[in-house]
Amino acid sequence: MREIFAGLPWWVKWVAVPVIALVVFGGLIASVVGFVIGLLFKLLLFVALVAGLIYVVRKFTAGSSTKGDW
């Protein structure tokens with residue numbers, strides 16, 4: 001494989017081959033990147049919701065613990 005690329009011009013190695021790879025695998029790359037970004041967004045949303053829930057529960061339990069209900 002190295003011998004094949006050795007005889008080619010530089011623009012074939014550094015421009016044409018990556019462009020062909022992007023055309024062929026572009027949809028796959030885009031779907032993987034979209035999946036990862038979506039997963040990170042859902043993870044961030046989950047963490048924010050859990051943090052908000054913990055904040056609300058602590059705020060209400062701190063206020064009700066002074067009453068002695070528990």
The side chain to side chain contact (heavy atoms under 4.5 Å, CB included) partners of Leu22 (sequence neighbours excluded) come to Ile29

query = In terms of hydrophobic clustering (I, L, V, M, F, W, Y; side-chain heavy atoms under 4.5 Å; direct or indirect links), are Val33 and Val24 co-clustered?
reply = yes

Note: with side-chain heavy atoms under 4.5 Å as the link, the other cluster members for Phe41 come out as none

Taken in chain and number order and not counting sequence neighbours, the residues that satisfy side chain to side chain contact (heavy atoms under 4.5 Å, CB included) with Trp14 are Trp10

With sequence neighbours left out, the residues meeting side chain to side chain contact (heavy atoms under 4.5 Å, CB included) with Leu45 are Leu49

### Message
When you group the ILVMFWY residues by side-chain heavy-atom contacts below 4.5 Å and let the links chain together, are Val36 and Leu43 in the same group?
### Response
no

Discussion item. Would a single hydrophobic cluster contain both Val32 and Phe25, if residues Ile, Leu, Val, Met, Phe, Trp and Tyr are joined by side-chain heavy-atom contacts under 4.5 Å?
Written reply: yes

(message) Less than 4.5 Å apart, side chain to side chain, heavy atoms only: is that true for Lys59 and Tyr55?
(response) yes

Joining Ile, Leu, Val, Met, Phe, Trp and Tyr whenever any side-chain heavy atoms lie under 4.5 Å apart, the cluster holding Val57 also takes in Leu53

Residues at least two apart in sequence or cross-chain that pass side chain to side chain contact (heavy atoms under 4.5 Å, CB included) with Ile54, listed by chain then number, are Val50, Arg58

